[in-house]
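Bear in mind the structure is a predicted one, so any value in this text is a computation, not a measurement. Each chain gets a letter, A, B and so on, in the order the sequences are listed, and its residues count up from 1.
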Number of protein chains: 2
Amino acid sequence: MPRPSEPTRERIIQAASALFYNEGIRRVSVDEVAARAGLTKRTLYYHFRSKDDLVAAYLAARDQPNLALFRKWFAEADGGLPTKVEAIFRNLARSARHPKWKGCGFLRTSAELANMPGHPAIKIGAAHKKKFEDWLRTTFAAEGIADPLKLARQMLLLLDGSFAVVLLHRDASYMETAGEAARTLIEIELAGRRKRAGR
Amino acid sequence: MPRPSEPTRERIIQAASALFYNEGIRRVSVDEVAARAGLTKRTLYYHFRSKDDLVAAYLAARDQPNLALFRKWFAEADGGLPTKVEAIFRNLARSARHPKWKGCGFLRTSAELANMPGHPAIKIGAAHKKKFEDWLRTTFAAEGIADPLKLARQMLLLLDGSFAVVLLHRDASYMETAGEAARTLIEIELAGRRKRAGR
DNA sequence: TTGTGTATATTCACTGGTTGGTATACATAT
DNA sequence: ATATGTATACCAACCAGTGAATATACACAA
């Protein structure tokens, strides 16, 4: 049975994702991941050098799909910029109401591994959030926002804040409150743009 | 040596605080806590029924001091409401620049124990954040803000968002961005109040 | 003052189970 | 025959929690 290889690696990551996200990194043993993937620990260690590598791979696999989802929610929403950003929070609220939802895997991992600042998984999480911020900044800049970086970071703060608060209180309505705050902040900036354009 | 008792319990909590906050909950063993407190694990288990209880006690001990600090920063700041709230974020940024800073203990614990929704430590964390929200809501209400709860929650979202983002990126400047956003949102609400008062 | 009982506080030694990681051998495809 | 992939069995360390014994302080009685 030596053939699978690439699919095997993928299967391991899928098993790791489900377990790490649902139970936490340190709570889940390598044996458990291997068992869920339907193979032995030794095989897993053939495909990944260490548990740390596996954790990093788990987050790396979530990077693009996650960003794509945000872009999709943004693109599909009708209306102006504030409405399109607010749509992200609204869709997120819907996700967060699912019982299996347990916050943002990137943030939870960085919280759990906060004592290992250089951990590869934390780097991947930081890069992920930076990509999201960059996407927002570019989008805002295209709309003529005066300080697109500031606004993008404010959105990021509201987004990650809602991840944290909703996880703690198990009350997804905070996500809609965050969306409303995001809308308000964007409208302020848009008003500033209009004012400058009118001179 | 049977006398200490209360001081002993306190010493255990202090040892647990340092270890749990710096290394994480599941990373730290009960033996380590006991060793740091200068006693045997068995003695620790005389004062606390389980590790879960100890974790809860660790957070409970941080509840009041933490809130008191926020109130102090708010009270000591000169200026109007927006400035006083912004002062909280400014002071937090200063704390976050210390190398030993590792985010909000309440949020990190809730992230690490997200797979145990009923865990006593999570309840304490939720209560802590609720107290903070209540304090802000009361403060805003006394200033005549029209929707003090909404504004308080927006502040909470920015605060916890900055905890999460700063922990991930190790860049405390996000905290000042959050303070600026907080100021903006408060000023909007104050403008609304003035408008209504002018009728 | 001295002896004694008792609740409180603490220690030593232990258990049953888990953990990340590995040495070695074996199977398959080319 | 060689590189790739998988399995069995194992290790040394660690971990939450416990059983049994013991030490101390203090209340009370003689």
Under 4.0 Å from OP1 or OP2 of [N]: is there any side-chain N or O of [X] that close?
X	N	result
A/Tyr46	D/dT6	no
A/His47	D/dT4	no
A/Thr40	D/dA7	yes

Mind calculating the distance between [atom1] ([X]) and [atom2] ([N]) to the nearest angstrom?
X	N	atom1	atom2	value
A/Leu44	D/dT8	CG	C1'	16 Å
A/Ile12	D/dG5	CD1	P	11 Å
A/Phe48	D/dT6	CZ	P	12 Å

A/Tyr21 ring centre to A/Arg62 NZ or CZ under 6.0 Å, with the angle to the axis within 45°?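 Flagged: A/Arg62 positioned over aromatic ring of A/Tyr21.
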
Please step through salt bridge (Lys or Arg N to Asp or Glu O under 4.0 Å) for the pair A/Arg183 and A/Glu187, ending with a clear verdict. CA-CA 6 Å; A/Arg183 157 182 287 279; A/Glu187 280 169 350; 2.8 Å; yes

Non-hydrogen side-chain atoms of B/Phe163 and B/Phe106 separated by less than 4.5 Å: no

Result of checking B/Arg90, B/Arg94, B/Arg97 against B/Glu176 for salt bridge (Lys or Arg N to Asp or Glu O under 4.0 Å): B/Arg97

Assess whether one donor atom and one acceptor atom, taken from the side chain of A/Arg42 and the base of C/dG21, lie less than 3.5 Å apart.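 Side chain to base: no pair below 3.5 Å.
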
How about A/Arg26: does its CZ atom have over 12 heavy atoms from other parts shown lying under 6.0 Å from it?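 More than 12 within 6.0 Å, yes.
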
Hey, what are the protein-to-nucleotides 11-16 of chain D N/O distances that come in under 3.5 Å?
unit_1	atom_1	unit_2	atom_2	d
D/dC15	OP2	B/Ser29	OG	3.4
D/dA16	OP1	B/Lys51	NZ	2.8
D/dA16	OP2	B/Val30	N	2.8
D/dA16	N7	B/Lys41	NZ	3.0

Does B/Arg108 come within less than 4.0 Å of A/Glu112, counting only side-chain N to carboxylate O?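 Salt bridge: no.
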
